[in-house]
Amino acid sequence: MADAAREPIVDEWLETFRSFTREQKTTALTHLVGGLSETVAGRALLQKLQTTVTSKIRQDFLTVLPEEMSYHILAFLGPNDLLSCSAVSRHWRRLAENDRLWKPQCLRALRTTTRLLGRHSEKAALELYQQQLLMHAEPDLFDHPNTAMKKLFSCRGRVKIPWEDPKYQVNPTAGKLLCHGDSVVTCLCIAGPNRVISCSDDKNLIVWQVHPPKQLHKLEGHTGGVWSCATDNGIAVSGATDHSLRVWDIEKGELLRVLEGHTSTVRCVHMVGDVIVSGSRDRTVRAWRWSDGECTNVFEGHGDAVRCIDMCNEVIASGSYDHSIRLWKTSATESIHVLHGHDDKIYSIRMTEAWIASGSLDTTIRVWSIATGECMSILRGHESLTGTLHVRNDGVLVSGNADRTIRLWDVTTGQCLRTLEGHEGAVTDVQVTSNHIVSCSDDGRAKLWSRNGDFIRDLVDSSAYVPNSDGVIWRLQCTDSALVCALGSRQQAIEVTSLIFVDFTPKRTNLVVAAAPMENEVEDVPRIAEITPEDSASDQM
C-alpha cells in the first residue's frame, strides 16, 4: 500500500525528470548517485541498480552493425576464433559459419599446395580443392550450402591424422601389381582431384582413378618412350622420344592434337591453360597453343639439351646441359636473361614470381632474380645432383638430392634451415603437401616428414613387394588424401613396375594397390587385387 501511495509522487518526479535538458539530467543523476553512495543502504541500492543498468546498456554489436560490416570484422579471425564465435549465440553462429568467411580459410590452406594454386586461377583451384576434399567429406556436405566451406576445411584437418597415425599401415599381402609391364615409369602427374597419369618408356600413358584405384584409359599413339607430361584443367600433354607432343582429353581418353616440330626427344613440358611450353634435346624451347596446334614461338640459344622447364606470369625458364638457365618472354624470341654460374648440367628449376631456383650436377643450388638476372644466393651443402625442387607457401625451398638427403632453405640468406636424413639411397622424388613433405628413394622407401622436417614414419617399404629388397621407388605424387608410388627393381632383367596407392581417407582402409578394377560401389574396406593394365582395360569394355 505504501508503494501505491507513493506512485503519484514517483510519476510526478519522472515527468519532471523527463522535462530536463540533457545537461540537467546529467547533473541530477550525478547528485543522486553521489548522495546514495554516502550511506550503506544507498550503496546497496546502487549495486542493485548497477545490474539493471548494465543489462540495459549491454548490446551485441554484431546485431546492430550491418551484416557486411560484421563479415568484414570476422574476416580478420582465424579458424579457431571463428569456431569460438559460432558458440556465442545463434546470430553469431549464422555469421561465423558462412562460406564468406570459410572460403578464405580454404584458400589459405590451398596456398600451401603451391603446385595446384600456381597452375590455376583461385576460382578454378578452389573448385579442384573442393573436389579433392569432397571425396572424404560427409554425404550431407552440401545440404547446407552456405556452410560447405567450413565442412571442407574440417575434412582437410581430419585427413592429416591418418598420414601420421602408425595404425594406418601399408598392407603388403597382395604382392606386386603391374602397370607398365617391365618398363620404367618415367613420370607421374596429378591430373585432377581423383586422377593420376603414369608415363613410361613403353610408349604409353595410363590414366588412373585414385579413389578407389582403377585404370580408366590407356593412351596409345607415341612411337617412342614417354619422358615428360603436364596437365591442366582436364587436359594432358605428353612428350616423347619420337620428337612429338600429344594432347589428350583425360576423362575421355582421347587424342586431341599432335604437336610436331622438335627434332629430338621432348624431355620436359609445362602447361598453363591453352599454352604449352616444351624443351627438347634438340636444344630448343617451343611454345604452343594446343587448341589449334600452332607453334607460337621457337626459342633458340642453348648449346645443349634442354632438361627442365618452368613458367610463371608469361616468363619461361629453361635449364640445360650447357650449364645455363635462360629466361624468355612468351611473346619474344630472344632470351631476356642468360644465367651463368653453374659448373655442370642443370637438372631442376623452380620459379616464383620474384626468383628462380636451379639445381645442378655441380652440387649447388642457385637462386636468381627474375627481374635482373643476378644470382641472389648460392645454396651449398648437398654433395650430389639436385633432381627435385619445390617451394613451400612461406617461401622456403625444398630440395631432394642424390646424396640421400632433403634440405630446407631460406633463399634470402642462403642458409640451410634443416637437413632431412634417413634415406639409404639417392632421393628420387619429393612432394610437398598442405601438412607434410613426402620423399622417396632408390632405397625403396617412401618417408613422411613434417613441414618443418621432423621425421614421422615410413609410408611404403618396397621390400614387401620386390624380392631380395631390391625395390626402387622412382616417382611419387600425392594429394592431401592419397599417395601414389611408382615401384620398380634395380635389376632390369626382372624389372617389375607397379603403382601403389595409399589412401588416407578416414572413411576407408588406407591402402589399395593400383590397377585393381573394382566395382563401381565404394566399400568401407576396399579390396586389394592383382591385375595387369590389359586385364583392367578389358574390364572397361
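Predicted, not measured: the structure shown is a model, and the values here were computed from it.
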Chemist: Using side-chain heavy atoms (C-beta onward) and a distance below 4.5 Å, is M271 in contact with V269?
Modeler: no
Chemist: Of all heavy-atom pairs between I349 and A317, which one has the smallest distance, and what is that distance?
Modeler: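 Answer, listing the atom of I349 first, then A317: CD1-O, 3.1 Å.
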Chemist: Can you tell me how far apart CG (L245) and OG (S228) are? Round to the nearest 0.5 Å.
Modeler: 6.5 Å
Chemist: Testing the basics here: between G221 and W248, what is the closest heavy-atom pair and its distance to 0.1 Å?
Modeler: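 Looks like N-CH2, 4.4 Å.
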Chemist: Quick one: pull up CG in D429 and CG in L188 and give me the separation to the nearest 0.5 Å.
Modeler: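 So the gap between those two atoms works out to 8.0 Å.
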Chemist: Report the residue from N393, T433, N435 that forms a side-chain hydrogen bond (donor to acceptor under 3.5 Å, both in side chains) with R451.
Modeler: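 In the set N393, T433, N435, the residue that makes a side-chain hydrogen bond (donor to acceptor under 3.5 Å, both in side chains) with R451 is N393.
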Chemist: Above 12 or not: heavy atoms from other molecules or residues under 6.0 Å from CD of E383?
Modeler: no
Chemist: In Å and rounded to the nearest 0.5 Å, what is the CD1 to CG distance from I473 to D461?
Modeler: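 Going from the CD1 atom of I473 to the CG atom of D461 covers 8.0 Å.
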Chemist: Does any N or O in the side chain of T241 come within less than 3.5 Å of the main-chain N or O of G225, such that one atom is a donor and the other an acceptor?
Modeler: yes
Chemist: Where do Q209 and F501 come nearest, in terms of heavy atoms and distance?
Modeler: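 Residues Q209 and F501, closest heavy atoms: O-CE2, 3.8 Å.
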Chemist: Determine whether a donor-acceptor pair (N or O, by modelled atom type, separation under 3.5 Å) exists between the side chain of R257 and the backbone of S291.
Modeler: yes
Chemist: Which class fits the ring pair W449 and F455: parallel under 30°, tilted 30 to 60°, perpendicular over 60°?
Modeler: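 Perpendicular, since the angle between the ring planes exceeds 60°.
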Chemist: Is there a donor-acceptor pair under 3.5 Å between the side chain of H217 and the backbone N or O of E251?
Modeler: yes
Chemist: Any donor-acceptor pair under 3.5 Å linking the side chain of S462 with the backbone of G444?
Modeler: yes
Chemist: Do the side-chain N and O atoms of D403 and T405 include a donor-acceptor pair separated by under 3.5 angstrom?
Modeler: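 Yes.
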Chemist: To the closest 0.5 Å, what do you measure between CG (L483) and CG (L448)?
Modeler: 9.0 Å
Chemist: Are any non-hydrogen side-chain atoms of L379 and T386 less than 4.5 angstrom apart?
Modeler: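 A side-chain contact under 4.5 Å is absent here.
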Chemist: Does any non-hydrogen side-chain atom of W355 lie less than 4.5 Å from one of V391?
Modeler: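 Yes, at least one pair of side-chain atoms sits under 4.5 Å.
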Chemist: Show your reasoning for whether side-chain hydrogen bond (donor to acceptor under 3.5 Å, both in side chains) applies to N452 and S450.
Modeler: CA-CA 5 Å; N452 293 326; S450 72; 5.2 Å; no
Chemist: Would you call S280 and H243 a side-chain contact if the rule is heavy atoms closer than 4.5 Å?
Modeler: no
Chemist: Whether the side chain of S377 engages the backbone of V411 through a donor-acceptor N/O pair (distance < 3.5 Å, no angle test) should be reported.
Modeler: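 The answer is yes, because a donor-acceptor pair under 3.5 Å joins these two groups.
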Chemist: Look up atom CZ in R380 and atom SG in C416, then write down how far apart they are to the nearest 0.5 Å.
Modeler: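 Result: 13.5 Å between the selected atoms.
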Chemist: Is the backbone of A426 close enough, under 3.5 Å, to the side chain of S441 for a donor and an acceptor to pair up by distance?
Modeler: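 Such a contact is found between S441 side chain and A426 backbone.
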Chemist: So do the side chains of I437 and L408 get within less than 4.5 Å of each other, counting heavy atoms only?
Modeler: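 Yes - at least one pair of side-chain heavy atoms lies under 4.5 Å apart.
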Chemist: Find the distance between CD (Q415) and CZ (R407) and round it off to the nearest 0.5 Å.
Modeler: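 Atom-to-atom, Q415:CD and R407:CZ are 11.5 Å apart.
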Chemist: I'd like to check V367 versus M376 (side-chain heavy atoms, cut-off strictly below 4.5 Å). Are they in contact?
Modeler: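 Yes, close enough: below the 4.5 Å cut-off.
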Chemist: With side-chain contact (heavy atoms from CB on, under 4.5 Å) as the test, would you mind laying out the steps for L219 and V226 before giving the verdict?
Modeler: CA-CA 11 Å; L219 309 181; V226 182; over 6 Å; no
Chemist: If you apply the rule side-chain contact (heavy atoms from CB on, under 4.5 Å), what do you find for S320 with R283, and how did you get there?
Modeler: CA-CA 8 Å; S320 170; R283 308 180 181 185; over 6 Å; no
Chemist: Restricting to non-hydrogen atoms, name the atom on T231 and the atom on C189 that form the minimum distance, rounded to 0.1 Å.
Modeler: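 Looking at all heavy atoms of both residues, the shortest contact is CG2-CB, 4.1 Å.
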Chemist: Are K447 and I406 close enough, and set up right, to give a side-chain contact (heavy atoms from CB on, under 4.5 Å), and what steps lead you there?
Modeler: CA-CA 11 Å; K447 293 182 178 289; I406 301 103; over 6 Å; no
Chemist: For the residue pair L205 and C199, establish whether any side-chain heavy-atom pair is separated by less than 4.5 Å.
Modeler: yes
Chemist: For a side-chain contact (heavy atoms from CB on, under 4.5 Å) check, start with the C-alpha distance between S348 and T388, then their side-chain angles and the critical distance, and finish with the verdict.
Modeler: CA-CA 6 Å; S348 56; T388 179; 5.8 Å; no
Chemist: Could you tell me which non-hydrogen atom of W208 sits nearest to which non-hydrogen atom of S198, and how far apart they are?
Modeler: NE1-OG, 2.9 Å
Chemist: Would you find a donor on one side and an acceptor on the other, under 3.5 Å apart, between the side chain of R326 and the backbone of G301?
Modeler: yes
Chemist: Are any of the side-chain heavy atoms of W290 and I276 separated by less than 4.5 Å?
Modeler: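 The answer is yes, as the side chains (C-beta and beyond) meet within the 4.5 Å cut-off.
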Chemist: Between the main-chain N or O of M351 and the side-chain N or O of D310, is there a donor-acceptor pair closer than 3.5 Å?
Modeler: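 Side chain of D310 to backbone of M351, a donor-acceptor pair under 3.5 Å: yes, one is there.
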Chemist: Look at the side chain of D232 and the backbone N and O of G273, then say whether any donor-acceptor pair between them is shorter than 3.5 Å.
Modeler: yes
Chemist: Looking at H337 and A371, would you say the former's side chain and the latter's main chain have a donor-acceptor pair under 3.5 Å?
Modeler: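 Flag set: sc H337 to bb A371 pair under 3.5 Å.
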Chemist: On a heavy-atom basis, which atom in I250 and which in V207 lie closest, and how many Å separate them?
Modeler: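 It is CG2-CG1, 3.8 Å.
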